[in-house]
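Take a look at the structure set out below.
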Amino acid sequence: MATHELIEKFQQAGQGQVFAFYDRLDAAGQAQLLAEAEEIDLEELAQLKTTLLGKSAASVDLGDLTPAPYERLPEAGGDKAAWTAAKAAGVEALKAGRVAAFTVAGGQGTRLGYDGPKGTFPVTPVKQKPLFQVFAEKILAAGRRYGRPLHWFIMTSHQNHEATEAYFTEHGFFGMAPHKVHFFRQGRMPAVDFDGKILLETTGTIAMSPDGHGGSLRALERSGALDLMEREGIDILSYFQVDNPLVRCIDPAFIGWHVQRGPEMSSKMVPKAYAGEKVGHFCEQRGKLVVVEYSDLPAAMQEETDATGGLRFIAGSIAIHILDREFIRRMARAADGTEALAFHRADKKIPTVDAAGAAVKPAKANGVKFEMFVFDALPFAKNPVVIETGRADDFSPVKNAEGKDSPQTCREDQLRQYARWLKSAGVTIATDDSGLPALNFEVSPLFGDDAESFAASWAKLSPKPEITEGFYLA
Ligand code: UTP
C-alpha cells in the first residue's frame, strides 16, 4: 500500500496519532514505523474497542458451568486397562512418525525478570542446563526410543527470535538435527489506551506486543509449519510451555488417549492443590469444554465441594495440550470470526510518549494489551479429551524470580523426581518428608526421562554408581 494511503487509512480510523511525529523521523525510521503500521488490522482493532473496551463490553459467561469430566489416573481410580491400551496406541503413533513437539516461547517473561529468551534460562540442579536443552534432550530421547526422530517447532516473538535461533546455533542444537528444529515468530498486537487509541512506544515505534500463546494457531499456519507437518505425515502436535522443564514433552499415554478418542484437541489436568489455586478450571458449558480462569471464577465456585467433600471444580489446567493439525488449520483460517479465538484484555503500564513526543513511564495502568489464549480453542474442538496427570511428573514452571513457581521450587521438584526414580529402582537415598534429597545431583533426560526409562538404564549400569553431591548421571 502506498505510504499516503496507509497514513490516510489510520487517520480515517481515528488512529492518526500513530503518525504524529512521522515528519521528524529519518527515512529508515519512517520505513520502520510504516512496516509496523502495516502489521495492524484496523478493523479487528475497531471491533475489539467495542467488545473489550466499550461500556457494554461482554463479561465472562459463567452460566451453566459444570465440572468437566476427565480420565482419572489408574492410581486415582481410573481404568488401568484403558491407560495401558492408550499408551500402546501412543507408542504406535510415535513409531509411525505422526507426532511433533511444539513449544510456545514467545512470552515476555516479565515476572522472572531474566534478560534473554526464557528458554535460555539455566534450570537444572547441577549442570545448569537451559530450559531449551532439557526439552531438546527429552525430544531426542523419545526419537531414539521409538525409532523416529521428532520435529520440534518453537514459536518465538519478534523480540526474541534472532536471539533464540543464535542460541541454538551456538549450542549445536543440543544434539538435535538442525533441520528438525523450526523457529517461527508469533504475531503482534498494538497496545491501546482506554479509548482504543493505538499507543506509540517512542515517536517512531508503536507499542506492539506478542498476541498471546493463542496466537500460535495463526502463526503455525502462516509460517508454513502445518504444511511441513503435512508433508512429513505429522498430524499430532504435542504442545507445552517454555517455562516447565518437568513436562513430558512426548507422553505416549497422552498421545494414545488422543489417538483413540479421535478428538481435535486434548488437554492434561491436575487436581487443584487447594481451592484458590491460580490455575484455569476445566469446565463444561452447554456441551462444550471450556477453561475458566481463576480470576474469572467466583470464589464460591472455586471452593464448592461435592457429595464426597472434595472440590467440585477440581480440574486445573497446566497448559499441556495436543492439537490436531487440521484443527489448527481450521481455527487459523476462521475468517468469518465464528471459530476464531477471542482476544482477552490485560490492563498494563505501557511506556509511551506525550503529545510533545517526550517519554512517559506510567506509574499505573495507562492502556490495554490484547492476547489470545490457546485453551480458548477447546470449545471449538470435536470430542475434546481431558486426562489426569501427576503434577510431580509433569508440572513445575519457572514463573517468578522467587517464592512459588521459581527457579528454586523447580530445582527442588526436579530433585524430588530423581529421588523417586532412584527409590523405585531400589536405591536407598535420604530425603526429607517432602521427598527432597539431601544431595544435589542430576539425571540427564538422555539417561532416563521417566521412572520406566530410568529403571531400564539403571538396570544396565554395572557397577552401580554412588550418588554423591554434584553427581551427574548421563
Ligand atoms: P505466561 O503466561 O507465563 O507469560 O506464558 P509470559 O509472557 O511468558 O510471562 P510473564 O507473564 O510476562 O511473566 C505462558 C507460556 O506461553 C508463552 C510463554 O512463552 C510461555 O511459554 N507465550 C505467552 C507465548 O508464546 N506468547 C505470548 O504472547 C504469551
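Ligands are counted one by one from 1 in listed order, and the atoms in each one are counted from 1 as well.
Considering both main-chain and side-chain atoms, Gly212 comes within under 3.5 Å of ligand 1 through a nitrogen or oxygen pair. Below 3.5 Å of separation, one finds no N or O of Leu112 facing any N or O of ligand 1. Between Glu371 and ligand 1, a contact under 3.5 Å exists for no N or O pair. At least one N or O atom of Gln108 sits closer than 3.5 Å to an N or O atom of ligand 1.
For atom 6 (P) of ligand 1, the closest non-hydrogen atom of the protein is Gly109 N, 3.6 Å. When only non-hydrogen protein atoms are considered, atom 21 (O) of ligand 1 lies nearest to Val104 O, 2.7 Å. Ranking the protein heavy atoms by distance from atom 22 (N) of ligand 1 puts Gly107 N, 3.5 Å first. Protein heavy atom closest to atom 14 (C) of ligand 1, with residue, atom name and distance, is Gln241 OE1, 3.3 Å. Atom 26 (N) of ligand 1 has as its closest protein heavy atom Gln186 OE1, 2.6 Å. From the protein, the heavy atom lying nearest to atom 4 (O) of ligand 1 is Arg111 NH2, 4.1 Å.
Within ligand 1, the atoms closer than 4.0 Å to a non-hydrogen atom of Met155 are 25 (O), numbered from 1 in the order shown. Below 4.0 Å from some heavy atom of Val242 lie the following atoms of ligand 1, by number and element: 19 (O), 21 (O). Atoms of ligand 1 lying under 4.0 Å from any heavy atom of Pro210, numbered from 1 in the order shown and given with element: 28 (O).
A side-chain N or O of Glu232 and one of His151 form a donor-acceptor pair less than 3.5 Å apart.
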How far apart are the C-alpha atoms of Gln15 and Gln17, what are their side-chain angles, what is the distance that settles it, and do they pass the side-chain hydrogen bond (donor to acceptor under 3.5 Å, both in side chains) test? CA-CA 5 Å; Gln15 300 287 9; Gln17 77 286 355; 2.8 Å; yes
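With hydrogens and angles ignored, the 3.5 Å screen pairs a side-chain donor or acceptor of Thr50 with a backbone N or O of Ala46. A distance-only check finds a donor-acceptor pair linking the side chain of Lys138 to the backbone of Pro245 [under 3.5 Å].
Take Val270 and apply the side chain to side chain contact (heavy atoms under 4.5 Å, CB included) test, not counting sequence neighbours, and it matches Ile318, Thr389, Arg391. The side chain to side chain contact (heavy atoms under 4.5 Å, CB included) check on Lys278 picks up Tyr294, with sequence neighbours excluded.
Between Phe447 and Trp421, the distance from one ring center to the other does not fall under 6.0 angstrom.
How far OG1 of Thr66 is from CD of Glu284: 5.0 Å, rounded to the nearest 0.5 Å. Between the CD atom of Gln133 and the CZ atom of Phe173 there is a distance of 14.0 Å, given to the nearest 0.5 Å.
Distances from atom 3 (O) of ligand 1 to the heavy atoms of Lys399, His213, Met372 show the closest one on Lys399.
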